[in-house]
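Structure first, then comments.
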Amino acid sequence: MKTKKLIVDNNVNKNVVYSQAVEKLNAGEVVAFPTETVYGLGAIATDEKAVAKIFEAKGRPSDNPLIVHVGAANDIEKYVTSVPDKARACIKAFWPGPLTLILNAKPNTFASNVTAGLSTVGLRMPDHPVALDLLKMLNKPVAAPSANRSGKPSPTTALHVEKDLEGRIPMILDGGATGIGLESTVVDFTIDPPVILRPGGVTAQMMREVIGEVIEPDTTKLDEASVPRAPGMKYAHYAPDAPVYLINPDVDEVKNAIESIHMKQQKVALLAPDDFRQSEADWFFSLGDSKKLEASAHYLYAHLRACDETTADVILVTVPERTGVGAAIFNRLEKAADGNWWYS
Ligand code: TXA
Ligand code: MG
C-alpha cells in the first residue's frame, strides 16, 4: 500500500484535502490526522471492518479500547446512556481539549472492537483545526488511538507517523507538530467521584477547580489487578529501542551514572532539563527549563524517538516534579522505562 501524505496549511485549499480524507474514511479506510495532543489514526467508529484496520496497522492488542472523537460536544447525547452533571461541567470547561470522558455507551452504538467489548466508551472533542474540520465535514464519530506502532512513543509530527506506519495506511494529513505532545487525560465518570485513569494535559488540579473531588491513583502503586481499568495502561509503552532508566534530577547522581556506564564501554543518551547540558553523556536531549513542564511534554516523545537514531546502549531520563503536567510526564516515563530506576 502506498501512503499518501497531504499537507494541510494555509497554502492549500483545505476543503479539497479534507474531502479526500472524508472519502477514504467513508470507504472504510483509516486516515492519520493531527490533534492538539498527538497524531491519531482514525476510522469511522461504527464500521467494524475499518476499525479492525487500525488494530492491524498498529499491531495493537484487541483488548485495548479506542477513544471516540466527536466534532461537537452535543453529539455525545446520541452515544451515551446519561451524562452526569460533573461530566457535563468538565465538558463545558475543557472541550474542545485534551480530556477523554469514560461514560456508559448506549448498546450497539459503536462497533464492538472500538470498546473492546466493554459497556463504556471513551469520548473526546479534540482542539485542533484539522481534526475539528475533518470531524465536522465527515459528521460521524471517529475512533482513533495514537498513530504509532504499538509500544512506540506516540507521534507528535507527521514524520513520526510515516516512520511507524508508512506502507501500512493509505493517508496522513500533515498539520505540523502537535502542541501538547502527550495524550489526553482519561477520566472515568461512570463512578463518583470520578477517577483519573491516565494523567494528561488537563490536570487533577484543573478538574478539582470545576467539580471538586477527583481521584488520582498513584500509578506507581497500582497493582496488576487495578491497572487494567484503562486497559491500555498495562502494556509496555512509549519505549525506544535501548533500555530506559529513570534517575533523580541530581547533578551528582547523573554524573555517577554516566561514569559507571562509560566504565562498561557503553554509550549513554541523557534526557534532562537544560541544567544538565554540561554532563558527559554521549547525547543530550534537552527537556528545557525544569520549571516549564509544558515544554518538556511537547518535546518528550520526539526526544525518545530521537534516541533510536543514536547508538546509545542506555537511555537515562531525569524525572520531573509530579505536579500539574509533571504527573502525566512521570506516568509516560515510567512506562517507557518499564518501571526501572538507575542504581549506581
Ligand atoms: O490524546 C489522545 O487521547 C490521543 C489522540 C489521538 O486523541 N489518543 C490516544 O488513544 O491516546 P490511545 O488509544 O493511544 O489511548 C486510549 C487510552 C488507552 O489507555 C485505553 O485503554 C483507554 O484510553 N480507554 C479507551 N476506552 C476506554 C474505556 N471504555 N474504559 C477505560 N479505558 C479506556
Ligand atoms: Mg497510544
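Just follow the structure's listing: the first ligand is 1, and inside any ligand the first atom is 1. Keep in mind that the numbers below use all heavy atoms, side chains included, and drop hydrogens, waters and symmetry copies. Here, residue 1 is the first one in the sequence, and each next residue gets the next number. On a predicted model such as this, the values are computed, not experimentally measured, just so you know.
Between V187 and I102, the closest side-chain pair of non-hydrogen atoms is not below 4.5 Å. The shortest side-chain heavy-atom distance between S286 and L271 does not fall under the 4.5 Å cut-off. Side-chain contact between T185 and R198 is absent, with no heavy-atom pair separated by less than 4.5 Å. Side-chain contact between K152 and D308 is present, with at least one heavy-atom pair separated by less than 4.5 Å.
Under a 4.0 Å N-O distance rule, the pair D274/R277 qualifies as a salt bridge. E77 has a carboxylate O that lies under 4.0 Å from a charged side-chain N of R88, or vice versa, which qualifies the two as a salt bridge.
With ligand atoms numbered from 1 in the order given, ligand 1 contributes 5 (C), 6 (C), 7 (O) to contacts under 4.0 Å with heavy atoms of H69. Ligand 1 places these atoms under 4.0 Å from at least one heavy atom of S146: 8 (N), 9 (C), 10 (O), 12 (P), 14 (O). Remark: ligand 1 atoms within the under-4.0 Å shell around heavy atoms of R124 are 1 (O), 2 (C), 3 (O), 5 (C), 7 (O). Under a 4.0 Å criterion applied to the non-hydrogen atoms of L118, ligand 1 contributes the atoms 28 (C), 29 (N), 30 (N). Within ligand 1, the atoms closer than 4.0 Å to a non-hydrogen atom of G40 are 6 (C), numbered from 1 in the order shown.
Neither the backbone nor the side chain of D188 has any atom closer than 4.0 Å to an atom of ligand 1 (non-hydrogen atoms only). Contacts of A144 with ligand 1, taken as heavy-atom pairs under 4.0 Å, involve the backbone alone.
The shortest N/O to N/O separation between T120 and ligand 1 falls below 3.5 Å. Residue R198 has at least one N or O atom closer than 3.5 Å to an N or O atom of ligand 1. In terms of N/O distances under 3.5 Å, ligand 1 is approached by R60. Checked by distance only, ligand 1 and Y39 stay at 3.5 Å or farther apart across all their nitrogen or oxygen atoms.
When the heavy atoms of N64, T178, I102, I67 are ranked by distance to atom 33 (C) of ligand 1, first place goes to I102. When the heavy atoms of G201, G122, A32, P65 are ranked by distance to atom 24 (N) of ligand 1, first place goes to P65. The heavy atom nearest to atom 5 (C) of ligand 1, out of those in V187, V114, T37, is found in T37. Of the options P98, P34, P145, S119, the smallest heavy-atom separation from atom 12 (P) of ligand 1 is shown by P145.
For E321, the CD atom counts as loosely surrounded, since its 6.0 Å shell holds 12 or fewer non-hydrogen atoms of other residues, nucleotides or ligands.
Proximity of the aromatic rings of Y79 and F110 is defined here by a centroid distance below 6.0 angstrom, and this criterion is met.
One distance of note links CG of D188 with CD1 of I191; it measures 4.0 Å at 0.5 Å rounding.
When distances to the Mg ion (ligand 2) are checked against a cut-off of 2.8 Å, N148 contributes no N, O or S atom below that limit.
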Candidate pair T120 and T190, rule side chain to side chain donor-acceptor pair (under 3.5 Å), full reasoning: CA-CA 8 Å; T120 54; T190 66; over 6 Å; no

